[in-house]
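Report on the following structure.
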Amino acid sequence: MAQDLLNSSKDDALTGFEIVVGLEVHCELLTQTKLFCGCRNNFGDEPNTNICPVCLGLPGSLPVLNKRAVELAMKIGKALNCEILPSSFHRKNYFYPDMPKDFQISQYDQPINANGYLELPDKSKVGVVRAHIEEDTGKSLHIGGSGRIAEASKSLVDYNRAGVPLVEIVSAPEIRSSEQAKAYVQELRYILVATGASDGRMEEGSLRVDANVSVRPVGSKEFGTRCEIKNLNSLRSLTQAIEYEARRQAGLIRDGKKVTQETRHYNEVTNATSSMRSKEEANDYRYFPEPDLVPLVPDASWIEEITSDIQSLLPATKRRNLSSLIGEEYQDQISLLVEIGLDELVLDSVKAGADAKLALNRVINEAAREPEKASRLAVKDFVDLINMESSNKLSATQSKVVLQEMLTSSDHPAEIAKRLGFEQMDQDSLQDNVRGVIEANQAEWGRYLAGDEKVLQFLLGQVMRSTKGRANGKEVMEIIGRLKSN
Amino acid sequence: MSSGIRPPRFGAGKGQIPSTVSELVKLVQKGEIKAQEILEVSLQTIAESDGEINSFNLVLHEQALEDAKKVDASIAKGGFSGRLAGIPIAIKDNICTRGISTTCSSKILANWKPPYDASVITKLKSEGAIIVGKTNMDEFAMGSSTETSFFGPTKNPWDKERVPGGSSGGSAAAVAAGMVPLAIGSDTGGSIRQPASLCGVVGIKPTYGLVSRYGLVAFASSLDQIGPFASCVDDAALLLDVLAFHDEKDSTSLGRDRYQSGNVNIDVSSLKVGIISNFLPNAAESCHQAVTDAARVLANFGAKVDEVDIKELDYAIAAYYIIAPAEASSNLARFDGVRYGLRVDGADVEEMNIKTRTEGFGVEVKRRIMLGTYALSAGYYDAYYLQAQKIRTLVKDAFNKAYGKYDLLLSPTSPTVAFPLGSKVADPLSMYLSDLYTIPTNLAGHPAISVPYGIGEDDMPVGLQLLGPALSESLLIKVAKMLEENNTDKQDN
Ligand SMILES: [Zn+2]
């Protein structure tokens with residue numbers, strides 16, 4: 001069946017259906033220490049080295065909330081346009097060897113952030129129902145067989161990750177395609193990185209995505225039965241899993257069958273989802289208020305102190321700022337610019353007087369190849385470069401070469417241009433040079449005067465050769481034009 | 001039916017041990033008596049009596065001796081101001097002691113040695129207390145007779161055919177039998193006050209948050225408090241003073257200043273005392289009598305005493321037996337065989353969990369885990385847990401209303417004197433009723449003290465309970481001391 005679904009064209013399988021997706025994104029917070037103890041929060045350390053009585057859930061140990069984690073959660077909330085609310089913690093009870101206390105401390109009916117939205121680059125908005133704080137679990141390693149638990153001869157558990165702070169961001173079921181889901185996660189990732197809340201590394205599990213997928217006939221107001229696909233750890237998995245799952249569900253409905261509400265696993269190798277457990281087998285988590293923690297009621301001044309600078313860091317804000325300077329029609333380039341983090345270079349340069357479109361072009365086409373280095377460019381130098389080009393002191397080709405040099409050297413563009421011999425010739429010597437070329441190519445000059453415009457390119461090439469490229473093409477044309485009319 | 005005989009206090013007939021801890025500490029600090037000598041008295045008494053009483057799960061002969069030597073050395077070196085310098089103390093076996101088994105009197109933790117000290121243990125050590133051993137208790141503090149212990153019951157030192165009460169029965173018995181002058185226990189629904197009452201010693205359940213719970217193996221986190229046992233009010237007050245400190249490791253820990261600010265100077269002649277009248281009808285005659293006698297003494301000092309009916313308290317026990325098991329079912333989930341404690345192997349993780357818990361927990365613990373799991377389950381949560389929380393609020397409000405009118409309340413600690421071993425253990429409901437008078441205090445998070453007051457049926461001791469609003473410990477201690485001094489049956493040895 002998996003093959004059939006893959007081979008059938010997307011349009012065939014989904015014709016007449018609308019995809020409905022809600023995403024749950026788990027984001028590991030970039031704190032020094034864990035959520036409820038002083039152990040290091042660090043990926044990749046030796047197993048079971050960052051542990052203590054608290055994160056091991058030893059009898060008698062008690063949690064103490066990490067202030068920094070709360071601050072990062074508030075930053076996320078603000079960035080997602082949420083209300084930041086008085087909140088509390090609950091226990092989510094289920095037996096799981098990775099979870100030292102056999103319950104997870106999480107926020108339940110009183111999350112710290114609620115009722116927000118995320119604006120995507122295409123200006124569409126996806127509701128954010130809540131973004132709450134919870135603790136991560138440890139990690140099992142199954143030894144023997146294929147590494148899957150059923151075939152393993154034994155299991156080892158690494159509790160370094162147990163108690164690492166997470167924020168779970170739950171979207172409304174307002175996503176309507178796999179592309180939009182991808183855009184949502186991408187945008188969310190930029191936000192989490194920009195606010196300093198996360199390193200955004202999906203491959204290390206810093207961001208983990210669960211997708212609730214359902215389909216319904218186009219035009220229907222009711223939601224179809226949804227399936228939750230767990231642990232999608234790359235954007236590719238996310239889009240493929242949604243595509244596969246939507247087609248699977250549409251196929252079932254088309255065949256007159258019912259979609260069963262269940263949790264499903266996505267296999268990257270087979271590119272298919274398979275059932276993990278149905279709703280009937282689902283755990284009863286027996287949530288109840290965590291008696292070892294007190295309610296979390298951040299006061300207004302603390303919220304203000306922590307979140308006041310958030311708006312300016314957001315990609316949507318940056319895109320808006322650039323669009324208003326450069327123009328709505330450059331939306332795609334602007335999005336890219338924000339994505340690679342070079343928006344400020346352009347914004348500041350334009351504000352300092354550089355030509356907006358030229359600056360945008362040079363950054364997107366040249367500097368973007370090495371965004372790390374480009375981000376270290378001095379705005380003033382970059383502005384000078386753009387000005388040299390727009391005032392014809394440098395040709396476009398020369399400007400690009402100088403910019404490449406600037407990425408590796410801290411020299412001023414004028415110095416680099418001089419070093420490379422890009423200094424433009426003064427009018428007199430350029431005119432002498434053009435005259436010399438005409439004298440040496442009398443036959444061609446005659447054809448040109450007779451009206452053969454094609455010769456112009458040849459003459460220009462000759463001037464460029466004799467000046468070793470130092471001539472400005474536009475000026476050469478002007479001189480030739482003047483000599484013709486004389 | 002056998003009858004009780006008062007056991008000797010700590011150090012009686014064994015050299016120059018004064019009758020209060022504060023006097024003893026002074027002697028130690030002056031170098032007039034050595035911590036090692038005091039420890040020797042303790043260990044000798046344990047050797048003589050504990051074979052029969054079974055109050056200790058573990059006695060730390062070598063470690064205690066080493067600690068006592070350290071105290072003696074620092075005193076010899078030039079002084080040591082520890083408030084409990086050289087005082088032997090017994091620790092309930094649900095309080096974590098680094099490298100020393102902490103079993104909760106359960107098979108599932110029979111061999112578990114915590115890698116850390118509870119905050120109160122760190123404090124006691126820094127004040128020079130000598131930890132003599134870990135005391136027996138009802139398994140995971142679930143019980144009122146110390147009979148649910150995996151290591152067998154503790155006997156009441158007054159009459160070894162009777163229970164010492166529980167769940168901190170080992171700590172109460174160790175103090176009552178003069179094996180140690182001080183002990184600590186934990187009180188979730190009366191587990192300090194009820195055994196104190198049944199063993200004829202003083203026990204205090206502090207305001208919730210006054211004493212750090214870090215390192216106390218949780219039974220019901222929102223109700224548990226560590227508190228002191230001693231043979232007199234002064235000693236209990238001294239120990240409480242040591243135990244009360246702010247602890248950053250416990251998010252529910254209160255500031256100590258708040259406790260001191262409760263240290264108001266109240267003139268007993270202007271005191272207003274309410275007797276909780278709805279507790280009296282089902283109390284044994286001697287327990288009822290103790291309240292009447294105490295009321296007369298207080299009235300003689302000029303206090304205004306009358307009866308108050310606080311109906312809401314009658315619902316407390318029902319709410320307690322939802323809330324406490326609900327929290328316990330979650331707190332005890334971690335005993336799954338994966339990381340520490342007993343492990344019984346199974347074909348897979350789930351089977352290992354089930355086998356470990358089936359073999360590791362006793363009947364009463366299982367009963368409460370099932371009760372609590374049920375109360376929190378989908379479809380029952382609102383009807384049970386939420387309803388119980390509402391009652392909890394009502395109880396607290398009713399108390400606070402009463403405290404608008406009275407400075408403190410008075411009741412028996414327990415409905416009866418110590419009952420015979422085995423008489424209630426098969427009937428959980430009758431056992432649960434032992435805590436009828438103590439449970440409401442825990443639901444409210446308020447403090448209460450149990451002080452011996454008179455001798456009741458079968459010559460067994462009777463305990464009187466003084467209850468007050470949050471952080472009123474100083475007042476309760478003051479009034480308890482007054483009653484102790486005017487006890488018609490004062491200890492004379
Ligand atoms: Zn830790």
Side-chain angles (χ1 to χ4, degrees), chain A residues 36-38 48 51-67 88-105 108-109 138 140 142 149-157 159 162 282-296, chain B residues 94-96 102 104 109 112 114-119 140 209 212-218 220-224 247-253 323 326-327 329-341 348-350 352-354 357 372-381 385-386 389:
Chain A
F36 297 119
C37 64
N48 294 315
I51 51 171
C52 75
V54 176
C55 57
L56 276 185
L58 292 188
S61 66
L62 296 171
V64 176
L65 186 59
N66 179 339
K67 188 179 171 196
S88 64
F89 290 88
H90 272 61
R91 290 186 184 176
K92 181 180 183 182
N93 295 284
Y94 59 105
F95 283 90
Y96 192 51
D98 292 5
M99 201 167 55
K101 302 182 291 292
D102 285 301
F103 61 78
Q104 180 195 29
I105 303 179
Y108 181 54
D109 54 356
S140 287
H142 305 295
I149 187 163
E151 297 162 23
S153 59
K154 64 175 175 179
S155 297
L156 301 173
V157 194
Y159 290 105
N283 276 306
D284 174 359
Y285 292 121
R286 306 189 310 280
Y287 280 100
F288 76 102
E290 166 57 272
D292 290 327
L293 290 169
V294 292
L296 172 59
Chain B
N94 60 351
I95 296 169
C96 288
T102 299
C104 296
L109 280 182
W112 184 59
Y116 75 106
D117 273 333
S119 295
F140 283 103
S212 167
R213 290 183 295 118
Y214 189 78
L216 167 66
V217 181
S221 313
S222 74
L223 302 160
D224 298 340
D247 184 9
E248 284 179 358
K249 291 179 183 162
D250 177 355
S251 307
T252 62
S253 169
I323 294 167
E327 292 182 13
S329 70
S330 171
N331 283 329
L332 272 62
R334 70 192 69 191
F335 304 106
D336 57 9
V338 175
R339 290 159 299 273
Y340 47 79
D348 56 23
V349 176
E350 192 184 353
M352 177 184 79
N353 288 167
I354 293 170
R357 293 166 69 81
T373 303
Y374 185 82
L376 289 175
S377 296
Y380 301 98
Y381 181 87
Y385 183 81
L386 223 50
Q389 289 293 4

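Residue numbering restarts at 1 for every chain, and letters A, B, ... go by the order of the sequence lines.
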Under 4.5 Å from a heavy atom of chain A, the part of B:Asp224 involved: neither
Among B:Leu223, B:Thr373, B:Thr252, the residue with the most heavy-atom pairs under 4.5 Å to chain A is B:Thr373
Taking B:Tyr380, B:Phe335, B:Tyr381 one by one, which has the highest count of heavy-atom pairs under 4.5 Å against chain A? B:Tyr381
For B:Asn353, is there any backbone N or O sitting under 3.5 Å from a side-chain donor or acceptor partner on B:Asp336? no
OH (B:Tyr340) with more than 12 external heavy atoms under 6.0 Å: yes
Side chain, backbone, both or neither of A:Asp284 within contact of chain B (heavy atoms, under 4.5 Å): side chain
Top of A:Val54, A:Leu62, A:Val294 for chain B proximity - count of heavy-atom pairs under 4.5 angstrom: A:Leu62
Nearest heavy-atom approach of A:Pro100 to A:Cys55 is CG-O, 3.2 Å
For chain A, the option from B:Ser212, B:Ser330, B:Pro115, B:Ser221 that forms the most heavy-atom pairs under 4.5 Å: B:Ser330
Heavy-atom pairs under 4.5 Å with chain B - which of A:Leu56, A:Val157, A:Asn93, A:Leu65 has more of them than the others? A:Asn93
With only heavy atoms counted, which part of B:Glu350 is less than 4.5 Å from chain A, the side chain, the backbone, both or neither? neither
With B:Tyr214, which residues qualify under ring pair (Phe, Tyr, Trp, His ring centres under 6.0 Å), at least two apart? B:Tyr116
Interchain contact, B:Thr102 with chain A, by part (heavy-atom threshold 4.5 Å): neither
Which bit of A:Tyr159 is near chain B, if near means a heavy-atom gap under 4.5 Å: side chain, backbone, both or neither? side chain
Atom OH of A:Tyr108: over 12 foreign heavy atoms under 6.0 Å: no
Look at the side chain of B:Glu327 and the backbone N and O of A:Pro291, then say whether any donor-acceptor pair between them is shorter than 3.5 Å. no
Kindly say whether A:Pro63 contributes a backbone atom to a donor-acceptor pair with the side chain of B:Ser251 at under 3.5 angstrom? yes
Side chain, backbone, both or neither: which part of A:Phe288 has a non-hydrogen atom closer than 4.5 Å to chain B? both
For A:Glu290, enumerate each residue passing the salt bridge (Lys or Arg N to Asp or Glu O under 4.0 Å) test, keeping only those at least two apart in sequence or located in another chain. A:Arg91
With a 4.5 angstrom heavy-atom cut-off, is it the side chain or the backbone of B:Ala378 that approaches chain A, or both, or neither? both
